[in-house]
Amino acid sequence: MKVRVKYFASFRDMTGKMEESLEVPEGITVEGLREHIKGLYDKMARRNQVLVAVNGAFVPLETVVREGDNVAFFPPVSGG
Amino acid sequence: MKVRVKYFASFRDMTGKMEESLEVPEGITVEGLREHIKGLYDKMARRNQVLVAVNGAFVPLETVVREGDNVAFFPPVSGG
Amino acid sequence: MIRVQREDVDIDAVLEAVKSDKSGCVVSFLGTVRDTSEGRSVQRMSIEVYEEMAVKQLSMIREEALERFGVNEVVVVHRYGDLEVGDSIVYIGVSAGHREEAFQACKYVIDELKERVPLWKKEYTGDGEVWVEGDRRE
Amino acid sequence: MIRVQREDVDIDAVLEAVKSDKSGCVVSFLGTVRDTSEGRSVQRMSIEVYEEMAVKQLSMIREEALERFGVNEVVVVHRYGDLEVGDSIVYIGVSAGHREEAFQACKYVIDELKERVPLWKKEYTGDGEVWVEGDRRE
């Protein structure tokens, strides 16, 4: 299935992409998708803190990702 | 000796005066002056909380008042 | 900057006075005239001040806040005279490098102001004129 | 009112939006661009936002603050894009009947914003461009 993935801030620099569409196995969890992406990008593999949001909300790592979900990866936030 | 006394807020209403000059004995303390004024004005005698400032500062009740001092009597404050 | 004045607070001007490039934040307290007071409706208010003493007391409180909390700037503007519901009564602004100190210092200034700065509110309510004294209505 | 915008914060307008006749006060937090960051001089800053999520998160935080502290109104305006030293980054305003709750709620909103709203600062320093991530500079 296809999921749409966005990258923000330094992760955009690391991946060289603002977003991409990835082919992943059905039933993959948020944690699984994070590991998959760390496998694609060396620089992200070295990061301890990789935050993930699904459809604009923080979700538990064991949440199953569904076809068409918008998944965002980003470093710790620093607004304010 | 003479001291200048100011009244504020409800104390101005109670005394009917914004200020007056009072003849008091040398060596009178702030507390003594407060009792003297309570003796002059019945309504003030009934007030538990009578704040006193000398020359624009709060001072201990045992402070001696000097000729020419500006003494102010007022109720608890309520700005802000 | 300490001001005790009849005129309205010019928020933009006081913000400019308190902000600085070395500070990362400004925490502000704005007190305004409420339309009710202890269950009574309030039509308007007047504020009396012992001006000379108020300025001295506010300057002391400002110095205390700067020293205790290590903040960069503290400004206080307090109005007196006749005010309508919704009008500004007091503006306190504190700039600091860190927000914790700015919040603490701002709270300190308004708490102390309400204890020891000679200002008194008179509320014009449906039941007549009422002096506010400390936490009580007389 | 929640706004994530490129434009400067119109302080007078947001104050009007947060004030109310039934509230006695507004406590505000204004974050501004500092000229230094961990000892390095900062020339300017740019802020990136995941806008759709930021608005959702800020709306949630606003609801939490209204409910937990019983305050009357909470407004948040956060900027993104290019900012100069001294520019406003974020304005948070809280109106309430009592100042304790207003201070607590305002502090809650800025604390939560810094933990869970997807916004990132990039500082342009003498040493080059630096992403700020959480409390760290990368």
Side-chain angles (χ1 to χ4, degrees), chain B residues 2-22 29-31 33-34 36-38 40-80, chain C residues 2 4-5 9 29-34 37-38 45-61 76-81 83 88-92 106-123 128-138:
Chain B
K2 277 195 185 307
V3 293
R4 197 174 197 79
V5 177
K6 290 172 190 278
Y7 305 103
F8 290 97
S10 61
F11 290 8
R12 189 166 36 77
D13 298 345
M14 289 176 189
T15 61
K17 291 169 183 157
M18 292 179 68
E19 60 178 280
E20 64 184 325
S21 189
L22 290 180
T29 62
V30 166
E31 185 164 25
L33 182 57
R34 186 172 67 179
H36 178 78
I37 284 168
K38 285 188 171 191
L40 296 176
Y41 303 102
D42 271 4
K43 285 181 180 168
M44 280 186 57
R46 290 197 292 271
R47 294 292 305 248
N48 288 322
Q49 289 200 273
V50 176
L51 305 190
V52 193
V54 177
N55 302 325
F58 290 109
V59 294
L61 287 176
E62 61 272 22
T63 305
V64 172
V65 179
R66 292 166 196 285
E67 173 117 47
D69 274 350
N70 262 299
V71 186
F73 288 86
F74 48 78
V77 305
S78 57
Chain C
I2 298 294
V4 175
Q5 63 186 37
V9 183
F29 176 89
L30 179 70
T32 56
V33 180
R34 283 177 79 163
S37 175
E38 302 196 340
M45 175 182 283
S46 71
I47 295 179
E48 180 169 330
V49 61
Y50 177 9
E51 188 167 352
E52 182 195 336
M53 181 175 177
V55 171
K56 275 191 198 176
Q57 292 289 111
L58 287 172
S59 300
M60 269 173 60
I61 293 168
V76 183
V77 182
H78 202 298
R79 296 179 69 189
Y80 61 88
L83 301 178
S88 297
I89 300 171
V90 60
Y91 173 89
I92 298 163
C106 188
K107 183 145 191 322
Y108 178 81
V109 173
I110 181 63
D111 286 350
E112 293 297 310
L113 186 155
K114 284 178 178 273
E115 288 293 326
R116 55 184 170 115
V117 181
L119 290 149
W120 301 269
K121 291 175 182 163
K122 183 192 266 183
E123 295 171 344
E129 305 176 8
V130 185
W131 280 109
V132 185
E133 305 192 342
D135 295 328
R136 304 220 318 274
R137 269 70 184 156
E138 295 288 329

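Treat the numbers as computed from the prediction; the structure is a model and nothing was measured.
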Roughly how far, to the nearest 0.5 Å, is the CG atom of N70(B) from the OH atom of Y50(C)?
5.5 Å
What's the spacing between Q49(B) CD and E133(C) CD if we round to 0.5 Å?
9.0 Å
Heavy-atom contact with chain B under 4.5 Å, split by part of L113(C):
both
Which answer fits R79(C), side chain, backbone, both or neither, if we ask what part of it has an atom under 4.5 Å from a heavy atom of chain B?
neither
Just verifying a value: how many Å separate W131(C) CH2 and F11(B) CZ, rounded to the nearest 0.5 Å?
11.5 Å
Give the minimum heavy-atom separation between R116(C) and F58(B), together with the two atoms involved.
O-CE1, 3.4 Å
Which atoms of K121(C) approach chain B - backbone, side chain, both or neither, heavy atom under 4.5 Å
both
Q5(C) CD: over 12 foreign heavy atoms closer than 6.0 Å
yes
Of all of E52(C), K122(C), Q57(C), which one pairs up most often with chain B through heavy atoms under 4.5 Å apart?
Q57(C)
Taking the side chain as every heavy atom from C-beta outward, state whether K6(B) and M53(C) have any pair of such atoms under 4.5 Å apart.
no
Which heavy-atom pair separates S78(B) from V132(C) by the least distance, and what is that distance?
OG-O, 2.6 Å
Could you state the interatomic distance from CD (E129(C)) to OG (S10(B)), rounded to the nearest 0.5 Å?
12.5 Å
For P75(B) and W120(C), work out which heavy atoms get closest and say how close.
O-NE1, 3.0 Å
Quick check on V55(C) against chain B: is it the side chain, the backbone, both or neither that has a heavy atom closer than 4.5 Å?
neither
